[in-house]
Amino acid sequence: IRLSLVGSEMCIRDRDGVIRLITTNFDKLFAEAAKQLDLSLNSFNAPMLPIPKKNKWNGIVYLHGILPDSKDEEALNRLVISSGDFGLAYLVERWASRFVSDLFKNYTVCFAGYSIDDPVIRYMMDAIAADRSLGESSPPAYVFGSYKEGDHEQSFMKWESKNVHPILYKAENSSHS
């Protein structure tokens, strides 16, 4: 990963200068930020996701969908919000689980804004750990995670126990900025 200045802003790119970002947020804040930085990015919206292999995709993946610009029942029905939506995306139709498992097999992943208590993250990391115990290899995973006063060691160990290398910061007054 390479950090570079674009105007007065920083942008994260890989060695080849490609930006690959996956979000489970429904808003368009990342696309708006890219536009302000005059970056041209592809956008992939659930369930039509790219194959997460090198040279196969670049841009922003809205893993759980994106809010449409105008009222659009079909687009709203593609959002992954409820437990039923999660079940369809990850278990029945499996498009989200295929994307995420291929992602972990092919890329070093860095989480931001997730909790190890998030069921999807917890199950995925347990599955990858099970694969590793059978001799499979995958790139490392990292997380930018917060901890509260007196909670650093416990937060660190929770992530490490899932083979995710934590980069922890102290959340002052529940602020993550």
Problem - His165 vs Val143, side-chain contact (heavy atoms from CB on, under 4.5 Å): CA-CA, chis, key distance, verdict - result: CA-CA 6 Å; His165 307 292; Val143 64; over 6 Å; no

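- Inspection of the Ser138 and Arg132 side chains reveals an N or O donor paired with an N or O acceptor under 3.5 Å.
- In the hydrophobic cluster analysis, where Ile, Leu, Val, Met, Phe, Trp and Tyr join through side-chain heavy atoms closer than 4.5 angstrom, Leu39 is grouped together with Leu21.
- Cluster membership check: Leu79 does not share its hydrophobic cluster with Ile66, using side-chain heavy-atom separations under 4.5 Å among Ile, Leu, Val, Met, Phe, Trp and Tyr.
- Hydrophobic clustering, with ILVMFWY side chains joined whenever heavy atoms are under 4.5 angstrom apart, groups Phe104 together with Trp95.
- Sparse packing is recorded around CZ of Phe30, with 12 or fewer heavy atoms of other residues, nucleotides or ligands lying under 6.0 Å away.
- Note: the hydrophobic cluster containing Ile51 does not contain Phe44 (ILVMFWY, side chain heavy atoms under 4.5 Å, direct or indirect links).
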*asked:* Please determine whether side-chain contact (heavy atoms from CB on, under 4.5 Å) holds for the pair Trp57 and Val61, giving the CA-CA distance in whole Å, both sets of side-chain angles, and the decisive distance to 0.1 Å.
replied: CA-CA 9 Å; Trp57 73 284; Val61 170; 3.6 Å; yes

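- Residues meeting the salt bridge (Lys or Arg N to Asp or Glu O under 4.0 Å) test with Glu74, sequence neighbours left out: Arg78.
- At least one side-chain heavy atom of Cys110 sits less than 4.5 Å from a side-chain heavy atom of Phe144.
- No side-chain heavy atom of Tyr147 sits less than 4.5 Å from a side-chain heavy atom of Pro166.
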Practice problem: Would you sort out whether Val109 and Tyr142 count as a side-chain contact (heavy atoms from CB on, under 4.5 Å), showing the intermediate values? | Solution: CA-CA 6 Å; Val109 173; Tyr142 298 88; over 6 Å; no

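- Here the straight-line distance linking atom CD1 of Ile167 with atom CH2 of Trp159 works out to 11.5 Å at 0.5 Å rounding.
- Between the Asn106 side chain and the Pro52 main chain, a donor and an acceptor come within less than 3.5 Å of each other.
- Residues forming a salt bridge (Lys or Arg N to Asp or Glu O under 4.0 Å) with Glu149 (at least two apart in sequence, or on another chain): Lys170.
- Rounding to the nearest 0.5 Å places CD1 of Ile60 at 11.0 Å from CG of Asn25.
- Nearest approach of Ala46 to Gly65, heavy atoms of both residues: CB-N, 3.6 Å.
- Cluster membership check: Phe86 shares its hydrophobic cluster with Ile22, using side-chain heavy-atom separations under 4.5 Å among Ile, Leu, Val, Met, Phe, Trp and Tyr.
- Counting only heavy atoms from C-beta outward, the side chains of His64 and Ile81 never approach each other to under 4.5 Å.
- The neighbour count for Lys28 NZ, taken as heavy atoms of other residues, nucleotides or ligands under 6.0 Å away, is above 12.
- To the nearest 0.5 Å, atoms OG (Ser40) and NZ (Lys35) are separated by 11.5 Å.
- Partners of Asn42 according to the side-chain hydrogen bond (donor to acceptor under 3.5 Å, both in side chains) rule, which considers only residues two or more places apart in sequence or in another chain, are Asn58.
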Distance-only donor-acceptor pairs under 3.5 Å for side chains of residues 123-131, two or more places apart:
residue : atom : partner : partner atom : Å
Asp126  : OD1  : Lys162  : NZ           : 2.7
Asp126  : OD2  : Lys162  : NZ           : 3.4

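- Here Lys53 contributes atom NZ and Lys105 contributes atom NZ; the two are 9.0 Å apart, rounded to the nearest 0.5 Å.
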Inset, instruction - Please assess Leu63 against Thr23 for the test side-chain contact (heavy atoms from CB on, under 4.5 Å), listing each intermediate value before the final yes or no. - result: CA-CA 6 Å; Leu63 185 59; Thr23 182; over 6 Å; no

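- Within the hydrophobic cluster formed by Ile, Leu, Val, Met, Phe, Trp and Tyr side chains joined at under 4.5 Å, directly or through other members, Leu88 is accompanied by Val92.
- Val80 and Asp85 make their closest contact through CA-CB, 3.7 Å (heavy atoms, listed as atom of the first residue, atom of the second, distance).
- When the side-chain contact (heavy atoms from CB on, under 4.5 Å) test is applied to Leu91, no partner is found at least two apart in sequence or on another chain.
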